[in-house]
Amino acid sequence: MFKQIVLAAAAAVTIATLAGCAANAQAPASSASAEQAVAAAAEKLRVAMIDPTPAALSALVADELSYGHSGGRVDTKDSFIGDLVAGKSDFVTIAITDQSIKVVGSSAIVRHTLTADTNDSGKPGKVQIKILGVWQQQGGQWKLLARQAVRTAA
């Protein structure tokens, strides 16, 4: 009898949780259109990283940004934008390949390989890194919330 009560209580909690998630989830028009919107935002970020302006980057990056670099440094929104605008992180070219996007409610997971020519602080270089990005819909726009980079080759 006790086991049946515990199972019934667990089922009730599960149903209530799922109902709450469904009520709070923003339903995109379709998964494909949401993925296209995220892909468009990711492309805007790629372009903004090559020709950075505070306004363009701020529109694409969440205030809560946490960006883990392949070297271990973690950027905030302010330091990420500041380094790009000042040329400390200077991308001359960026090519994105092998991109996948998975939208879950108002969040999206974006994975890709980033290959770039750089000129960080005036020093030319090349990078190839695997990126895991978490995007979140905020105020009707997709914004980068978190990003983790892993260096694969030079």
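Values below: every heavy atom of this structure, side chains too, minus hydrogens, waters and symmetry copies. A quick note: this is a predicted structure, and the numbers were derived from the prediction, not measured.
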Flag the pair [X] / [Y] as yes when at least one side-chain heavy-atom distance between them is below 4.5 Å, and no otherwise.
X	Y	result
V74	Q148	no
H112	T97	no
R151	V127	yes
I94	L114	yes
I96	T113	no
W142	V103	yes
K143	Q136	no
I109	W135	no

Checklist entry - Roughly how far, to the nearest 0.5 Å, is CG of D120 from CZ of F91? => result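 One gets 6.5 Å once the value is rounded to the nearest 0.5 Å.
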
Next on the checklist: Check this for me, if you would: do K88 and D90 make a salt bridge, where the nitrogen-to-carboxylate-oxygen distance has to be below 4.0 angstrom?
Outcome noted: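 Salt bridge absent between K88 and D90.
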
Who passes salt bridge (charged side-chain N to carboxylate O under 4.0 Å, His left out) against [X], sequence neighbours left out?
X	result
E43	R46
K77	D63
D117	K126

Next on the checklist: Does V92 form a side chain to side chain contact (heavy atoms under 4.5 Å, CB included) with T118? I'd like the steps, not just the answer.
Outcome noted: CA-CA 5 Å; V92 178; T118 61; 5.9 Å; no

Checklist entry - Are D75 and H69 close enough, and set up right, to give a side chain to side chain contact (heavy atoms under 4.5 Å, CB included), and what steps lead you there? => result CA-CA 8 Å; D75 267 330; H69 290 270; 2.6 Å; yes

Checklist entry - Would the number of heavy atoms belonging to other residues, nucleotides or ligands and lying under 6.0 Å from CZ of R111 be above 12? => result no

Checklist entry - Do the side chain of S58 and the main chain of P54 share a donor and acceptor less than 3.5 angstrom apart? => result yes

Item to check | side chain to side chain contact (heavy atoms under 4.5 Å, CB included) between V150 and S70, worked out | outcome: CA-CA 5 Å; V150 177; S70 59; 5.5 Å; no

Checklist entry - Going through the checks in order, is the side chain to side chain contact (heavy atoms under 4.5 Å, CB included) test met by L57 and L45? => result CA-CA 7 Å; L57 291 164; L45 180 62; 4.0 Å; yes

